[in-house]
Amino acid sequence: MLRKQDEEKSIGRRRLLRRAGAVAAGMAGAGVAGAASATPAQAAAGDPVIQGVDNVVETATTLRNTGVRAALRLANDKTYGPNPDGRVSAEPALQIRPSGTTISDLAEAGSISMAIDGNIWVVTKGNGSTLNESHIIHTSANSNRIVPLVPQRVLDTRYASSRGLVREPGYLDSSGRLLAGRSISLRLTDHLYYADAVFGTVTVVQPTLAGFAQVYPFGISRPTDFSSINFAPNQILSNAFVCGVGSDNDSSHYATDLINVYSSVTAHVIVDITAAVVSAGRVNPRSAMPVRGIDRRGKATWEK
């Protein structure tokens, strides 16, 4: 009888040791993405989390830290690089599995999910309704921001040294003036990379005739029913503009971040840029305004 009990205890210990190799301390039922070949584990309340498999639960699971400044930390220390551009790529510490096209309005406030298109959704408390409200979290993939630039002169046809961004040779006369009825394209890649739009000013210098000039996105037909600036003969006149930015995808002369400038009469043209709209793109740090921090020691004059 004692020998049989000893054998049962030995078998029980071996089972526990095998299970311990696959178990991480934790609460029941947190979803853990596992190997594709693993079989989902049916987790009940009180069961530990099993690493390497999907842990399937039917109800909400809570991981709670109650200490001062306690946080739930998910860490993955694996990195690659640095790349030739100096960047170091990190492996993700967390993946939200994409599903559906939005998040349920019945979800609790604070719930987060990722749709199959990669957009992240968050739920906020509804206003007096039984349903909560769902919102897309804006990222560089689905939103943009305005980035102020140190003001940059990107074109001044009066000087040969300031015509280097012009792509179309033969569109300027012997004095460098933009020919009547012609459009030139400006490359802004010294300052921008895949920008969505650019803010700036266009100046026309002493045209011999009255006319108008246009700043418009590269890659579209020139619109005929708008003007960025209208001028009279011999004026020096400026006006602000906001213009979309395009790319030339032709493999023989591929280029990004292009805008077009057109003049109805032959004239010198100056273009300055002051800010850019970017989402997935970037701004050259040398062209951007320095990032400002907030001095926490002070406060605004209108604060009580």
Side-chain angles (χ1 to χ4, degrees), residues 19-36 38 40-83 85-127 131-145 147 278-280 282 285 290-300 303-304:
R19 184 176 178 81
V23 172
M27 299 186 64
V32 178
Q42 294 294 334
D47 283 352
V49 174
I50 302 176
Q51 293 181 343
V53 299
D54 290 337
N55 290 256
V56 181
V57 295
E58 297 297 332
T59 59
T61 298
T62 300
L63 297 175
R64 180 179 291 111
N65 288 341
T66 59
V68 177
R69 294 187 298 276
L72 177 63
R73 294 179 178 172
L74 300 173
N76 186 343
D77 296 331
K78 181 67 175 178
T79 59
Y80 298 94
N83 298 326
D85 60 5
R87 292 184 294 171
V88 176
S89 300
E91 287 289 341
L94 172 68
Q95 180 191 7
I96 302 175
R97 180 171 292 179
S99 62
T101 56
T102 182
I103 189 171
S104 171
D105 292 333
L106 297 176
E108 297 177 84
S111 299
I112 297 175
S113 74
M114 177 176 284
I116 56 177
D117 59 6
N119 284 318
I120 301 173
W121 289 79
V122 63
V123 175
T124 60
K125 187 68 175 176
N127 185 16
L131 297 178
N132 288 326
E133 297 181 0
S134 56
H135 310 270
I136 288 180
I137 296 177
H138 287 176
T139 69
S140 60
N142 57 17
S143 63
N144 51 44
R145 67 191 191 278
V147 180
V278 295
S279 52
R282 301 193 299 275
V291 176
R292 294 194 304 158
I294 298 176
D295 188 345
R296 298 297 181 184
R297 296 171 297 177
K299 62 180 182 179
E303 289 183 327
K304 300 294 185 183

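Bear in mind the structure is a predicted one, so any value in this text is a computation, not a measurement.
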### Task
Could you tell me whether E108 atom CD has more than 12 heavy atoms of other residues or ligands within 6.0 Å of it?
no
### Message
Is the shortest side-chain heavy-atom distance between D117 and T101 below 4.5 Å?
### Response
no
#### Entry: Which atom of V123 lies closest to which atom of A107, heavy atoms considered
CG1-O, 3.5 Å
#### Entry: Residue pair R145 / V278, side-chain heavy-atom distance below 4.5 Å
yes
### Query
Taking N132 for the side chain and G126 for the main chain, is one N or O donor matched with an acceptor at less than 3.5 Å?
yes
### Query
What closest approach, in Å, do S134 and D105 show between heavy atoms, and which atom pair accounts for it?
OG-OD1, 3.3 Å
### CD1 on I120 to CG on N142, rounded to 0.5 Å
8.5 Å
#### Entry: Separation of N76 CG from Q95 CD (nearest 0.5 Å)
12.0 Å
### Query
Roughly how far, to the nearest 0.5 Å, is CZ of R64 from CG of L72?
12.5 Å
### Message
For the CD1 atom of I136 and the OG1 atom of T102, what is their distance to the nearest 0.5 Å?
### Response
7.5 Å
### Heavy-atom closest pair, residues S143 and S279
O-CB, 2.7 Å
### Summary
Scanning both residues in full, the closest heavy-atom pair of I112 with I96 reads CG2-CD1, 4.1 Å
### Shortest non-hydrogen contact between A93 and L74, atoms and distance
CB-O, 3.3 Å
#### Entry: Contact summary for T124 and H135, nearest pair of heavy atoms
OG1-NE2, 2.8 Å
